[in-house]
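Predicted, not measured: the structure shown is a model, and the values here were computed from it. Letters A, B, ... are given to chains in the order of the sequence lines, protein chains preceding strands, and every chain is numbered from 1. Computation of the quantities below employed the complete heavy-atom set of this structure, encompassing side-chain atoms and omitting hydrogens, waters and symmetry-equivalent molecules.
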Amino acid sequence: DVKVTQSSRYLVKRTGEKVFLECVQDMDHENMFWYRQDPGLGLRLIYFSYDVKMKEKGDIPEGYSVSREKKERFSLILESASTNQTSMYLCASSQSTGGVEYGYTFGSGTRLTVV
Amino acid sequence: TQLLEQSPQFLSIQEGENLTVYCNSSSVFSSLQWYRQEPGEGPVLLVTVVTGGEVKKLKRLTFQFGDARKDSSLHITAAQPGDTGLYLCAGGGGGGSNYKLTFGKGTLLTVNP
């Protein structure tokens, strides 16, 4: 069964801490994504990567950075956590074929609370 | 900026009823997907449609892609409590980025026993 695995289901961090969210996929997918999901705002794209060591900003990259040193692993870093980064974080991967995106596989999410 | 508008935002129905959820945009997409998300979990892909006018069926769920590839609908027949969840549509290929999806905000469906 193909999988996207996020390292933690729940995290509680203090304001100002550096936070690492890890995501690993076992499908050999080229594309990986980080979203946050908040009530009323839907899914918002933070960063994405279409190849190893490549990254592109999404719609809300401020306060975040990413790392993709290996194809299967995409890490999201909160440089200095703030309370407005309390959210559900979702990682996804995909493999576009012939220029068509056939759909993402999502992880189960990490619910991050910053206190 | 591409937008996908979903309607209704919220839907509460009784078991056995039929329902339709809509996903509309002014942009043309090369593919359109539907996902279902349960509380505390990530979205799960239900279907992908890529051809204008395409209809796909998944048991009691029927998905349609509009002829102009700008809109889609999801119809559920004889809804069951297990259908409860957040339904998200997502379009791919709009604006020249083939792998970056545009998501709607979702329709929260509750099916009461």
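Contact annotation for Arg44(A): neither backbone nor side-chain heavy atoms come within less than 4.5 Å of a heavy atom of chain B. Heavy-atom distances place the side chain of Leu88(B), and not its backbone, under 4.5 Å from chain A. Proximity to chain B is limited to the side chain of Leu45(A), based on heavy atoms less than 4.5 angstrom apart. Neither the backbone nor the side chain of Glu30(A) comes within contact range of chain B; no heavy atoms are under 4.5 Å apart. No part of Gln9(B) comes within reach of chain A, as not one of its non-hydrogen atoms sits under 4.5 angstrom from that chain.
The shortest side-chain heavy-atom distance between Glu22(A) and Val24(A) does not fall under the 4.5 Å cut-off.
At a threshold of 4.5 Å between side-chain heavy atoms, the hydrophobic network of Ile, Leu, Val, Met, Phe, Trp and Tyr places Leu101(B) and Leu90(A) in one connected group. Linking Ile, Leu, Val, Met, Phe, Trp and Tyr residues whenever their side-chain heavy atoms come within less than 4.5 Å leaves Tyr22(B) and Trp34(B) in two separate clusters. Phe48(A) and Tyr89(A) are assigned to two separate hydrophobic clusters, defined by single-linkage of ILVMFWY side chains at heavy-atom distances under 4.5 Å.
Looking only at distances, a side-chain donor or acceptor of Asn18(B) sits under 3.5 Å from a matching main-chain atom of Ala78(B). Side chain of Gln25(A) to backbone of Met27(A): a donor-acceptor contact under 3.5 angstrom is found. Between the side chain of Thr110(A) and the main chain of Leu112(A), no donor-acceptor pair closer than 3.5 Å is present. No donor-acceptor pair under 3.5 Å is formed between the side chain of Ser8(A) and the backbone N or O of Tyr10(A). Remark: side-chain polar atoms of Thr107(B) are paired, donor with acceptor, to backbone N or O of Pro8(B) under 3.5 angstrom. Using a distance-only test at 3.5 Å, with no hydrogens or angles considered, a donor-acceptor pair links the side chain of Ser30(B) to the main chain of Gly92(B).
Screening residues 19-115 of chain A for disulfide (SG to SG under 2.5 Å) gives Cys23(A)-Cys91(A) as the qualifying pairs, with residues at least two apart or on separate chains.
Put simply, OG on Ser87(A) and CD1 on Ile46(A) are 7.0 Å apart, with the number rounded to the nearest 0.5 Å. Between atom CD1 of residue Ile76(B) and atom CG of residue Leu19(B) there is a gap of 4.5 Å, rounded to the nearest 0.5 Å.
Considering only heavy-atom pairs separated by less than 4.5 Å from chain B, the leading option among Gly109(A), Gly107(A), Gly103(A) is Gly103(A). Per-residue heavy-atom pair counts under 4.5 Å with chain B were compared for Phe106(A), Tyr50(A), Phe33(A), Tyr35(A), and the maximum is reached by Phe106(A). Ranked by non-hydrogen atom pairs under 4.5 Å with chain B, the options Arg111(A), Gln37(A), Gln6(A) are led by Gln37(A).
Of the listed residues (Tyr35(B), Tyr87(B), Phe29(B)), just one forms a ring pair (Phe, Tyr, Trp, His ring centres under 6.0 Å) with Phe103(B), and that residue is Tyr35(B).
A donor atom on one side chain and an acceptor atom on the other are found under 3.5 Å apart for Ser31(B) and Gln33(B). Ser94(A) and His29(A) share no side-chain donor-acceptor pair at under 3.5 Å.
Counting all heavy atoms, side chain and backbone alike, Gln95(A) lies closest to Asp28(A) at OE1-O, 3.5 Å.
Contact residues of residues 53-83 of chain A toward chain B are Glu56(A) (heavy-atom distance under 4.5 Å). Proximity to chain A among residues 44-54 of chain B is limited to Leu45(B), Thr48(B), Val50(B), judged by heavy-atom separations below 4.5 angstrom. Within residues 55-71 of chain B, no residue approaches chain A closer than 4.5 Å by heavy atoms.
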